[in-house]
Amino acid sequence: MTTTSGTTYGAEVAEHPAERQNRRPRSLIVSFFGTYAREVGGWVPVAGLISLMAELDVDAPGVRSAVSRLKRRGLLAPERVGGVAGYRLSPEGLALFDEGDRRIFDRRVASLADGWVLVVFSIPESERHKRHLLRSRLGRLGFGTTAAGVWIAPAHLTEQARRTIADLGMESYVQLFHSHHLGFGELASTVAEWWDFDALQEMYRGFLDAHAPVLERWRQHDRATTRTAEEAHAETAEAGPDNAAAFTDHLRAVDAWRHLPYLDPGLPPDLLPDPWAGRGAADVFFALHELLRRPALEHVRAATGRH
């Protein structure tokens, strides 16, 4: 999903580490609004946001700068509630995050039987800026390129491609096809030329290195903690130290993960290298998400007063 500014929820990828560090506050705040804001009514007070971001070592000027940029891009709108300053997700922001949920939290894996979607386009040299824009957006959706003006992805990305092309107003330049591989040669080796598996493996391994120990720590914590159902319910209902730790670990995991499904379109497992680090990375992310989402949300509710 794109907005008029061209933002995509998971599009800020493939950067030099220093560039990613420079955008870290903005990335964390995008992840925060995408993960929690809709759960607390779509509005977050500025003071509560600053307090929560401080737990992730983002200072108040960094928060205000990042929020200002998101406001300019049309994702957030300032709003006072009961005299308290805050920010509400705009309709564009709501649409963006709803679309992002389907990509980031839906563990979609294609099969060879599903086939492929092909985007074939011809844009004149006089409008080459449109050509660059379309290529950029298709790359952000996870498409691979087979030849000049021919891009390919698993068929489940058909509707996202259709919406992106329509949002850009480029229907007159593009043809969409649904296809199956009929020959010739080994498809796996050909697909490896269309997607950079080495780069994806490196990113997945980086995710595992950072977050697999976090998952193990929480699992050990759960095994070491024995409580009755009533005690567990009472703990969950209040913002304790465990909830604060769950929030920081959960948001860091979401922020690191949300870019990856836009680079890896969920290719058929038959075509992937073995071992494929993406499987383990997905297992870790979804286990952390399942384990930490509820206590993290309770901490956000307590810190923002949005019960």
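Reckoned from all heavy atoms, side chains included, excluding hydrogens, waters and symmetry mates.
There is no side-chain donor-acceptor pair under 3.5 Å between R140 and T164. Side-chain contact of D242 with H299: a donor-acceptor pair under 3.5 Å is absent, judged by distance alone. Between the side chains of R102 and Q160, no donor N or O sits under 3.5 Å from an acceptor N or O. Between the side chains of R69 and S65, no donor-acceptor pair is found at a separation under 3.5 Å.
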inquiry  = Show, in sequence, the C-alpha distance, side-chain angles and deciding distance for R258 and D255, and conclude whether the salt bridge (Lys or Arg N to Asp or Glu O under 4.0 Å) test is met.
reply    = CA-CA 6 Å; R258 70 177 173 91; D255 189 56; 3.7 Å; yes
message = Could you walk me through whether L260 and I104 satisfy the side chain to side chain contact (heavy atoms under 4.5 Å, CB included) test, starting with their C-alpha distance in whole Å, then the side-chain angles of each, then the deciding distance to 0.1 Å, before giving a yes or no?
response = CA-CA 8 Å; L260 293 170; I104 296 163; over 6 Å; no
ask   = salt bridge (Lys or Arg N to Asp or Glu O under 4.0 Å) between R162 and D167: does it pass, once the steps are laid out?
value = CA-CA 9 Å; R162 191 191 305 275; D167 286 346; over 6 Å; no
query = Given the rule in the side chain to side chain contact (heavy atoms under 4.5 Å, CB included) test, do V174 and L134 qualify, once you have shown the distances and angles that lead to the verdict?
reply = CA-CA 10 Å; V174 178; L134 181 56; 3.9 Å; yes
task = Start with the C-alpha distance between R128 and E125, add both sets of side-chain angles, then the distance that settles salt bridge (Lys or Arg N to Asp or Glu O under 4.0 Å), and finish with yes or no.
result = CA-CA 5 Å; R128 59 182 177 274; E125 183 63 20; 3.4 Å; yes
task = Might you work through the side chain to side chain donor-acceptor pair (under 3.5 Å) test for R252 and S31, ending with a clear yes or no?
result = CA-CA 9 Å; R252 286 188 180 113; S31 296; over 6 Å; no
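Considering all non-hydrogen atoms of both residues, H259 and S27 come closest at NE2-OG, 3.9 Å. The two residues S90 and G74 make their nearest non-hydrogen contact at OG-O, 2.5 Å. The minimum heavy-atom distance between R26 and A66, with the atom names listed, is CA-CB, 3.6 Å. The heavy-atom pair separating Y36 from A296 by the smallest distance is OH-CB, 3.7 Å.
For the pair L96/L89, no side-chain contact is recorded, criterion being any heavy-atom separation below 4.5 Å from C-beta on. Inter-residue side-chain proximity for L267 and P265 is flagged as met; some heavy-atom pair is nearer than 4.5 Å. Taking the side chain as every heavy atom from C-beta outward, L176 and V117 approach each other to under 4.5 Å. Side-chain contact between L49 and F33 is present, with heavy atoms from C-beta onward closer than 4.5 Å. Taking the side chain as every heavy atom from C-beta outward, R135 and F143 never approach each other to under 4.5 Å. Residues L297 and V40 form a side-chain contact, since some pair of their non-hydrogen atoms from C-beta on lies under 4.5 Å apart. The shortest side-chain heavy-atom distance between M170 and F121 does not fall under the 4.5 Å cut-off. A heavy-atom distance below 4.5 Å is not found between the side chains of Y173 and L168.
Taking the six-membered ring wherever Trp is involved, the centroid distance between the rings of H250 and F32 does not fall below 6.0 Å. For F105 and F286, the ring centers sit 6.0 Å or farther from each other.
Remark: side-chain polar atoms of R88 are not paired, donor with acceptor, to backbone N or O of A77 under 3.5 angstrom. A donor-acceptor pair is defined here as one N or O able to donate and one able to accept, closer than 3.5 Å; no such pair exists between the side chain of T304 and the backbone of G48. Within the 3.5 Å criterion, the main-chain N or O of P261 finds no donor-acceptor partner in the side chain of D264. A donor-acceptor contact shorter than 3.5 Å links the side chain of R301 to the backbone of E39. Between the side chain of T145 and the backbone N or O of W151 there is no donor-acceptor pair closer than 3.5 Å. At least one donor-acceptor pair under 3.5 Å links the side chain of H178 to the backbone N or O of D114.
V84 forms part of a hydrophobic cluster together with W43, V81, judged by ILVMFWY side-chain heavy-atom separations under 4.5 Å.
Linking Ile, Leu, Val, Met, Phe, Trp and Tyr residues whenever their side-chain heavy atoms come within less than 4.5 Å leaves L263 and V109 in two separate clusters.
Each of T146, L157, T158, V191 was scored for a side-chain contact (heavy atoms from CB on, under 4.5 Å) with W116, with one residue passing: V191.
Remark: L52 CG to L28 CG distance equals 12.0 Å, nearest 0.5 Å. Remark: R294 CZ to N243 CG distance equals 10.0 Å, nearest 0.5 Å. To the nearest 0.5 Å, atoms CZ (R293) and CG (L251) are separated by 13.5 Å. Put simply, CG on L76 and CG on L70 are 5.0 Å apart, with the number rounded to the nearest 0.5 Å.
Ring geometry for F285 versus H289: interplanar angle under 30°, hence parallel rather than tilted (30 to 60°). Between W276 and Y204, the two ring planes are perpendicular [angle over 60°; tilted spans 30° to 60°].
Within 6.0 Å of the CD atom in E55, the count of heavy atoms belonging to other residues, nucleotides or ligands exceeds 12. Other residues, nucleotides and ligands place no more than 12 heavy atoms under 6.0 Å from the NE2 atom of H132. The number of heavy atoms from other shown groups lying within 6.0 Å of CZ (R64) does not exceed 12.
With salt bridges taken as basic N to acidic carboxylate O contacts below 4.0 Å, one links R107 and D283. Of the charged side-chain nitrogens involved, none lies within less than 4.0 Å of a carboxylate oxygen, so that E92 and R73 do not count as a salt-bridged pair. Ionic pairing of E127 and K130 is present here: one or more N-O contacts between side-chain nitrogen and carboxylate oxygen are shorter than 4.0 angstrom.
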